[in-house]
Enquirer: 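Take this structure, written in structure tokens, and hold onto it; I'll ask about it next.
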There are 2 protein chains.
Amino acid sequence: MHANVKQNVVPLITPGLKVACSQCNLRELCLPFGLSDEDMSRLDHLIGGGRKLKRGQHLYRAGDPFESIFAVRSGFFKTDVLTEDGRDQVTGFQMAGEILGMDGISTEVHTCNAVALEDSEVCLIPFVELEMLSSEIHSLQHHLHKVMSREIVRDHGVMMLLGTMRAEERLAAFLLNLSQRFSARGYSPAEFHLRMTREEIGSYLGLKLETVSRAFSRFQDEGLISVQQKHVRIVDIPGLKALLAPPDGRIG
Amino acid sequence: MHANVKQNVVPLITPGLKVACSQCNLRELCLPFGLSDEDMSRLDHLIGGGRKLKRGQHLYRAGDPFESIFAVRSGFFKTDVLTEDGRDQVTGFQMAGEILGMDGISTEVHTCNAVALEDSEVCLIPFVELEMLSSEIHSLQHHLHKVMSREIVRDHGVMMLLGTMRAEERLAAFLLNLSQRFSARGYSPAEFHLRMTREEIGSYLGLKLETVSRAFSRFQDEGLISVQQKHVRIVDIPGLKALLAPPDGRIG
DNA sequence: GTATCCCTTTGATATTTGTCAATGCAACCA
DNA sequence: TGGTTGCATTGACAAATATCAAAGGGATAC
């Protein structure tokens, strides 16, 4: 290898990784949602290939020029924001069918980091070309807007969690959210493997890792879940949901 | 007034309130940013008129069908999310030139409430027509995407604030953010009137109103600001900024 | 296979923020 | 003008979470 080629450079596109929305079983969860066969094949031609990432690899970093958004094909990601003064906030965890990178549109530069938490694959969607195609395909344009709006609504949910919930409520909401998303992808809603550490969960939930660990233990003691390291089984979904109603529960 | 007309019904468009982006001094802060004169006049024709709101009036409520987004022409708004279990989270405060209502795109229904905190005026931007026009005007399409992306990035900043900052850091960040936004609109960055109550600030910052009030008092004792009820004068901007570097400030 | 390292759990204590309560201030209305 | 009402401030105390510290468990690398 020549000296002017860094050893850790990773190809931006994994050669031979074919991508076709029309053949993808995630299409109903992902960007192609609602497209006709013909329009979907036009989208196929736009997708700039795929990319494989090993656990721990960055899909992009804050400061990288923005060129594409990404659809998660398989695997699991986290996004986080780092400030100069050393704060680190996990802003989300993304799984198959979800879109990454929309933070970069506003400034043409990514504002957060996206890291694979397990070996993963993504589709590259060049944004300039996506805009061109969505000028022509109204349903694609509208769905892109929906995807971005959904991200805004999701963020509001996280603000609600961080602003109004206590530690155990936050963790319950987090587990129920994961459960629901796994379920939507055909996996068990009751039993799954956490891809992230207690510290990453804590960062997302605005808690210290010890607090997260204690909340897990408490849920187990109360018979709500069974947890061993990263393996979680939800025993009592209604019980977890009940935790989300505050003590004075002014319902109705 | 006839019995079948509710007394509190407010016209959705204020008759006679003319709106033209091309004549608006907010256009560089708002949706028309970057448009040519010709394209701006096409946007003028799309804007569905304006609407005036008195303090306390809702621009829209969670559950309302989504039809338009709104540009704040004058005044001041808050948006908040309410859950069935009684939680209430203020998700943002909006001032002139800022866009409201993008939460509604994803489900065709608004997911939060928008309330005028002082007498205000907005422009109505019918979304279906905006999508049609942005298919034709690429720079409008792109700028709409930027505006939505900017909202996502802003939300990440709020998550950072809620997830990693302590009470006084949150309030300092809040004041500095207001200061910067007033400044960008030609108002004093150092002296302004808060349009929201301590409770609303607290909701936004994930704090109780008493904690907000104590933080204000502490800032005043330390000579950082001068505060009397809703009137705030920032005396020491660098001092406030210094509060945002955490105690161990691992810089560099 | 085994040693290492990172992650997790748990306990004791400190700090921060929330809760409850009382008072003060200011604007608004009659 | 005076009273009412809502908002803000302040204090004392309680509760939640963070911090510090130590030890155990699994996965990974050699």
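These numbers come from a predicted model, not from an experiment. Proteins get letters first, then strands, A, B, ... in listed order; numbering begins at 1 in each. Side-chain atoms are counted along with the backbone in the values below, which use heavy atoms only and exclude waters and symmetry mates.
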Enquirer: Got more than 12 heavy atoms from elsewhere within 6.0 Å of CD, B/E191?
Expert: yes
Enquirer: Could you check whether B/Q89 and B/S203, counting side-chain N and O atoms only, form a donor-acceptor pair closer than 3.5 Å?
Expert: no
Enquirer: At what angle, to 10 degrees, do the two end axes of the helix from C/dG1-D/dC30 to C/dA30-D/dT1 meet, given five pairs define each axis?
Expert: 50°
Enquirer: Would you find more than 12 non-hydrogen atoms of other residues, nucleotides or ligands less than 6.0 Å from A/Q220 atom CD?
Expert: yes
Enquirer: Can you confirm whether B/Y187 is buried at OH, in the sense that more than 12 heavy atoms of other residues, nucleotides or ligands lie under 6.0 Å from that atom?
Expert: no
Enquirer: Rounded to the nearest 0.5 Å, how far apart are CZ of A/R150 and CG of A/D155?
Expert: 13.0 Å
Enquirer: Quick check on salt bridge (Lys or Arg N to Asp or Glu O under 4.0 Å): which of A/K52, A/R51, A/K54 does A/D119 satisfy it with?
Expert: A/K54
Enquirer: Mind checking side chain to side chain donor-acceptor pair (under 3.5 Å) for A/E118 and listing every partner two or more places apart, or none if nothing turns up?
Expert: A/R195
Enquirer: Can you pull out every salt bridge (charged side-chain N to carboxylate O under 4.0 Å, His left out) where at least one residue sits in residues 204-214 of chain A? Sequence neighbours excluded, please.
Expert: none
Enquirer: Got more than 12 heavy atoms from elsewhere within 6.0 Å of CZ, A/R185?
Expert: yes
Enquirer: Would you classify A/G206 as touching base, sugar-phosphate or nothing, given that sugar-phosphate means primed atoms plus P, OP1 and OP2, and contacts are heavy atoms under 4.0 Å?
Expert: sugar-phosphate
Enquirer: Can you tell me how far CE of A/M165 sits from CG of A/L243, rounded to the nearest 0.5 angstrom?
Expert: 10.5 Å
Enquirer: C/dC6 P sits how many Å from A/E199 CD, rounded?
Expert: 12 Å
Enquirer: To the nearest angstrom, how far is A/L194 atom CG from C/dT9 atom C1'?
Expert: 15 Å
Enquirer: Please work out which of the three classes, parallel, tilted or perpendicular, describes the rings of B/F70 and B/Y60, given edges at 30° and 60°.
Expert: parallel
Enquirer: Using 30° and 60° as the class boundaries, would you call the ring planes of A/F182 and A/F76 parallel, tilted or perpendicular?
Expert: parallel
Enquirer: Under 3.5 Å, is there a donor-acceptor pair between the side chain of B/S183 and the main chain of B/P189?
Expert: no
Enquirer: Using a 4.0 Å cut-off on heavy atoms, which residues in residues 207-215 of chain A reach DNA chain D? List them by number, or say none.
Expert: A/L207, A/K208, A/E210, A/T211, A/R214
Enquirer: What is the first contacted nucleotide of DNA chain D and what is the last, in 5' to 3' order, if contact means an atom lying under 4.0 angstrom from a heavy atom of chain A?
Expert: D/dA16 to D/dT28
Enquirer: What does nucleotides 22-30 of chain C look like as a protein-contact string, B for base, S for sugar-phosphate only, - for none, at under 4.0 angstrom between heavy atoms?
Expert: ----S----
Enquirer: Check the distance between C/dG18's P and A/R166's CZ and give it to me in whole angstrom.
Expert: 11 Å
